[in-house]
Protein chains: 2
Amino acid sequence: MEININAVASPANETFSADWRTFESAHRLRSVTLLTDSVETTWDDARISSYHFLWLRDNCPCSQCVHPATREQMFEVVDAPENLVAGSVSLDVTGALNVQWSDGHRSLYEAGWLRSHAYDETSRSERAAQLRSVRPWDSKLVIPTFDYASVMSSDRVLLDWLLAARDVGLTLLTGMPETGKALETVATRISFIRESNFGMTFKVRTKVEAVDSNAYTALELPAHTDLPTRELQPGLQFLHCLINDATGGESTFVDGFAIAAALRANSPEDFRLLCEHPVEFWNKAPQSDYRSYAPVIGLDSRGEVSEIRLANWLRAPFNLPASEMGAFYRAYRHFSALTRDSRFIVSHRLEAGQMWCFDNRRTMHARKAFDQASGKRFLRGCYMDRDELLSRILVLQRNDPGRSIRAA
Amino acid sequence: MEININAVASPANETFSADWRTFESAHRLRSVTLLTDSVETTWDDARISSYHFLWLRDNCPCSQCVHPATREQMFEVVDAPENLVAGSVSLDVTGALNVQWSDGHRSLYEAGWLRSHAYDETSRSERAAQLRSVRPWDSKLVIPTFDYASVMSSDRVLLDWLLAARDVGLTLLTGMPETGKALETVATRISFIRESNFGMTFKVRTKVEAVDSNAYTALELPAHTDLPTRELQPGLQFLHCLINDATGGESTFVDGFAIAAALRANSPEDFRLLCEHPVEFWNKAPQSDYRSYAPVIGLDSRGEVSEIRLANWLRAPFNLPASEMGAFYRAYRHFSALTRDSRFIVSHRLEAGQMWCFDNRRTMHARKAFDQASGKRFLRGCYMDRDELLSRILVLQRNDPGRSIRAA
């Protein structure tokens, strides 16, 4: 891998090398004041941000503290003296914050970086708001659709596709080659594929001995997420249709986050039960025995719904206190009924040359039963983690001048 | 894949086909009583287990409800009538529970299965106790060591190795070939490898342009877990030494769970802060931008420590309320100091032909600096998820008569 560091980021000087991104800001520091345990700064829009001494020392970007090539920290904050204080602070001619430490070390912080990482309440709220990008949908969704050739040739189209996958959680690619490795080609345009116990890729067609999974039968499959039996469900699922001559087998989708929101609004007690009680999911097969233990509705540390985990046919018997069992069944049946509610369902018959790419931890998918005798049906699929999707988006945005990171 | 279903499990009759395991029990049902919403059973040891009607209906193992080949459920409990009740219950000649439902369906439950899945408080406590297998350690640990050839040829030795990896979290393999694909050979003896942004396998040697990670420098690395920047850190890490002619570079390990327990006992406030405040970890590289957001000490739903997440050089600036920042630095520095405490540290110089296999989410590893001029040092590594480890253990135990699943 040939890498020209200077071409990727251009810090104003070598002291600002702790990141691969640049941090522009419309705001300048107006003044700095030394307090007993922190530095208080006032910005030109009157925002006040305080920085604890240990926080500043910890984040010193100088080449003694941060490796110039990896841009990763070498300094460990446990090595800072117990009584470390800033002896003096000042703003230099570029507007950067200059700190002279009591142990002799000196640090220089670019204003844009400080603004981007400030932890006053206003700055923290702004950043938290930027993380909320989910766009809920129902049966009226116009499925975001992209052309395979454009995704392959244009970084801008690729980025639009990935943002739709992140924020809507359901996308369709058209114009795919109907044979060969088109699935791998388009998946690795994003990043590497996540292998599972079904292989690096999997084929969806009926098997004579369908012992692995009900997915490999011609049965109707109720709305589900794939691999709830794993600690981390795959973030993205790709399903590429090579042949679809069979009668039936339509794909249907529901937005699990929208259903969870409806449940939360109308039946908060049912919502609570599905968030608080972990459920076991088992993949019971001759050569594997996967078990996970997690709630149907996962919440992040801010209390927002971050994950749906459900495949009815992979659930273990509920293992709850007897006093909760009746109520939990009420909640579970309520949620299941919502996944069948036509208000939420989007339906589309996937044709040869089309591919689904959806958020497997949010968008529940189902399949109508199909008639094996009426014709062939052959899909290939694979998975990718949310980490790869989000990383690819950030790198594409880094290189896209119109969408770079800009502190408020 | 050739699969002979009958060879894997032998249910007493086709109604008991909802699992690949068999459920023996030393106990028999003495009596059953029909209550208004559940069936109360009394066992021959006087234990009383109640089963809610919906729970029983949900878990009916008959061939209409469970696919005989996949052993996965086809019935959906949302389809049970709102007013479903058991019309009559009885024990049959084999001791199985027979239920006649108000809608005409009939279900038969093997006593061993019922005992194994009972959710009375005693049964739930017994099962929870079986899950606690962690064996904490300190500097006096005798590292569990296994011979490569034996692991490759014996399922029993393989199982012992994997149980040590699960419960101790640090193991050494000796007698490995010093070249070639020995790493992949022994890893895939367990299951498939988990790819990462560093590839399917990675090489640890210094690079001229070490832009990816401090791991590829000759620097000392503080105690850490690998890939804390991902939502799910890899469960197992393998490090196979092919050449170690350099001076320095010893591997050291600490049991992160033991350190967390010490912190919990001596400084509960520091422990709480590290459990409750998520920290961001960033992998900042030219071609990737991975970010995760999780606490340094992860707890499971029972409040037990389930994960350590820490690599000092991959931490983002702390993003906490200003009022907590000083206390959080005290907690973080305290934890870091414990990782350097000789009471906890196990040290071993990995020689050519040896391989570490350790729990990457528990056992923190560190590397002393080494002298690049003194000789070559070349390690190959890879990752695997905890899911694969646990699944392989369960399948090996399933086939090992002395260690099969047996209800209390």
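Note that this is a predicted model, so its numbers are computed, not measured. Order of the sequence lines sets the chain letters (A, B, ...), proteins ahead of strands, with each chain counted from 1.
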Answer with side chain, backbone, both or neither: which region of [X] has an atom nearer than 4.5 Å to a non-hydrogen atom of chain B?
{"X": "A:D385", "result": "side chain"}
{"X": "A:F75", "result": "backbone"}
{"X": "A:E76", "result": "both"}
{"X": "A:R302", "result": "side chain"}
{"X": "A:L314", "result": "side chain"}
{"X": "A:A80", "result": "both"}
{"X": "A:E276", "result": "neither"}
{"X": "A:L320", "result": "backbone"}
{"X": "A:P278", "result": "side chain"}
{"X": "A:R330", "result": "neither"}
{"X": "A:N319", "result": "both"}
{"X": "A:Y51", "result": "neither"}

Determine whether B:E195 and A:E195 satisfy the following criterion, side chain to side chain contact (heavy atoms under 4.5 Å, CB included), listing intermediate values before the conclusion.
CA-CA 8 Å; B:E195 191 167 354; A:E195 191 168 354; over 6 Å; no
Please determine whether side chain to side chain contact (heavy atoms under 4.5 Å, CB included) holds for the pair B:L394 and A:R291, giving the CA-CA distance in whole Å, both sets of side-chain angles, and the decisive distance to 0.1 Å.
CA-CA 10 Å; B:L394 289 174; A:R291 289 143 190 269; 3.2 Å; yes
Do side-chain atoms of [X] reach the backbone of [Y] as a donor and acceptor pair under 3.5 angstrom?
{"X": "A:R333", "Y": "B:V77", "answer": "yes"}
{"X": "A:W55", "Y": "B:F318", "answer": "yes"}
{"X": "B:R71", "Y": "A:A285", "answer": "no"}

Look at [options] and state which one has the largest set of heavy-atom pairs under 4.5 Å with chain B.
{"options": "A:R386, A:E388, A:H52", "answer": "A:E388"}
{"options": "A:D300, A:N197, A:D120", "answer": "A:N197"}
{"options": "A:S196, A:S38, A:S292, A:G199", "answer": "A:S196"}
{"options": "A:R127, A:R392, A:E121", "answer": "A:R127"}

With no hydrogens and no angle check, just 3.5 Å: does a side-chain donor-acceptor pair link B:Y329 and A:D58?
yes
Donor-acceptor pair between B:E72 and A:W313 side chains, under 3.5 angstrom:
yes
Can you list everything that forms a side chain to side chain donor-acceptor pair (under 3.5 Å) with B:S50? Sequence neighbours excluded, please.
none
Sorted by chain and residue number, the side chain to side chain donor-acceptor pair (under 3.5 Å) partners of B:R361 (sequence neighbours excluded) come out as A:E231, B:E307
So, for B:R398 and A:P286, which heavy atoms are closest and what is the spacing to 0.1 Å?
NH1-O, 2.9 Å
Side chain to side chain contact (heavy atoms under 4.5 Å, CB included) evaluation trace for B:V78 with A:R340:
CA-CA 10 Å; B:V78 66; A:R340 296 174 169 192; 3.4 Å; yes
Contacting region of B:S123 [heavy-atom separation from chain A under 4.5 Å]
neither
Contact class of B:I393 relative to chain A, heavy atoms under 4.5 angstrom:
neither
Checking B:N59 against A:R315 for the side chain to side chain contact (heavy atoms under 4.5 Å, CB included) test, could you report, in this order, the C-alpha distance in whole Å, the side-chain angles of both residues, the deciding distance, and whether it holds?
CA-CA 10 Å; B:N59 289 294; A:R315 270 188 309 121; over 6 Å; no
Can you tell me how far CG of A:L390 sits from OG of B:S288, rounded to the nearest 0.5 angstrom?
12.5 Å
